[in-house]
Amino acid sequence: MREWICVSSSDLPAPTPPQPAALLRKHGLLILVHIAALLPLVLLISDWLQGRLGFNPIQAATFRSGRMAILLLLLSLAITPLNTITGWRTIIPLRKWLGIYAFVYVCVHFFIFLVLDYLLNPGLIVEAIFEKPYALAGFLAFLLLLPLALTSTRYAMRRLGKNWKRLHRLVYVAMLLGVVHFAWSQKSDIREPLIYGAIVVVLLVLRLPPVRQAIIRTRQRYTRPPHKEQPS
Amino acid sequence: MHFKRQSYPAIPAADITPEALFRSRRQFLRGAGALGGTILLGACGLGSPPAPPAPTPGVVAQLTDELGDPATAYAAVIGYNNYYEFTTTKEDVAAAAANFPTSPWEVQVGGLVRNPQTFAVEDLLSRFDQEERIYRLRCVEGWSMVIPWIGFPLAALLKEVEPLAEAQYVRFETIYAPDVMPGQQSRWYNWPYVEGLRLDEAMNDLTLMSTGLYGNQLLPQNGAPLRLVVPWKYGFKSIKAIVKIDLVETAPLSLWMAAAPNEYGFYANVNPDVPHPRWSQASERRIGELDRRPTLPFNGYAEQVAGMYAGMDLRVFF
């Protein structure tokens, strides 16, 4: 194995195109995320086109896109705590894509509201957004997520430096607004948004530095016996 | 404000065709009315309905409300229901309610009356002339339908029991049967469902006790065997599966008033100018259409009912 290090680059065989199997190993999880995140959108559009959204298709499409946005943003927020608990670094790149897809569904949701539901009628839209607290909460969540989606590139991360992280902490505010938006839109039974809200709180607690440190210490005690050190 | 109208293409034609059958039944019902259409309605539940005569061409009226809007497809009327006693998912109510027993069924009418009585549903069908009323139904959630109901005016029933002078309100109660109404096992609501009307509202000619729709007996998901229909109020006032009607002195506390007093008032008249705290009531979507239409004051029945509220601030008494 050690000989590898001594081989000069000129001695290496010409680089071969990456093998599908290797690609899958490296990016498998990410590919899965792309498929899992896009599939509901494809299904939503095909159900719409085939008239399979029931008797109130606009409301059904609104609910489905909104729920997907909340679930994907929750998953995105779960990545860092999951990494803390398990130590899996391979899941870190998923965070960004889950967040981007969450924003895609927010946009689909907002599009349905503006174009399909309110037919771009300015009077009704202004009334709906600014007079109804639930709609306002959703709209604010959209406004908060917009700069986060726009600065999700490597370039923006470099440019913003430390501020990038500060800016992206807004995702929690957006997430909570999204859950409130969902809860307020429900007539009375708010069990589903309550569950999401509880998950957000747990995810936030897991990020508190003392909690996080304690989790890391516990994990290291169990997963890294001193006699069998493994590179992570 | 501009509202574009367009038809909803998504319902397969096959789901709409029962209307043809409906129209023929409806003709039959009309024809049989003189002979006692009530007997027919009673019989429907026991076996298959008698073969309807062929509809007479030209006589079959276009089924519309008095504003000229077509009745909502039968499939939607029996497939999209708000009935929390069964499930909060509107499209699942029909299946969840399929085995709900609606016979035998009795309704107690009492309270502040001279002549309290218990009626079997069959008695109601035979004692009161059943008529068809095509009404708009406006749900507080912002959707609406046009439904050809069958029923009789509540006023006729109330006259039978002779309300006393102290009676000011009418209180209605749905059956409490959590074993067959799984939604009633939920603690989110104060079961059983209760609704109320002021006595003059209850006596208004528009107020219907419904026993059927589209020429058929009511199905469980639509409130069988007996429900209220108050077309100028939001749909939740039109209580289903009624077992008890009481004349009372003070305004009853409805299930929705108890659940969210700031959102659901006693009157609940359809009013585009009084927004629900969480959603606008200025416009609505007719089921089967993809556009929005403006919501009408008193759901378009202002001429018949606005007088009852003269001098009242409808923002306060929402």
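The shortest heavy-atom contact between Glu127(A) and Ala282(B) is OE1-CB, 3.8 Å. His276(B) approaches Lys132(A) most closely through the heavy-atom pair O-CE, 3.5 Å.
Looking at Leu49(A), there are no atoms closer than 4.5 Å to chain B (heavy atoms on both sides), in backbone or side chain.
For the atom pair Gln59(A) CD and Lys90(B) NZ, the distance stands at 5.5 Å (nearest 0.5 Å). Separation of atoms CZ (Phe55(A)) and CG (Asn81(B)) is listed at 9.0 Å; rounding is to 0.5 Å. Separation of atoms CD (Glu141(B)) and CG (Asn56(A)) is listed at 9.0 Å; rounding is to 0.5 Å.
Panel note: side chain Arg292(B), backbone Asp117(A); a donor-acceptor pair is recorded below 3.5 Å.
At most 12 heavy atoms of other shown residues, nucleotides or ligands fall within 6.0 angstrom of atom CZ in Arg159(A). The environment of CG in Asn99(B) is sparse: at most 12 heavy-atom neighbours from other residues, nucleotides or ligands sit within 6.0 Å.
Side-chain atoms of Arg191(A) and Trp188(B), non-hydrogen and from C-beta on, do get closer than 4.5 Å to each other. Here the side chains of Leu290(B) and Pro57(A) are in contact, with some heavy-atom distance below 4.5 Å.
Ranked by heavy-atom pairs under 4.5 Å with chain A, the first of Ser186(B), Ala259(B), Gly79(B) is Gly79(B).
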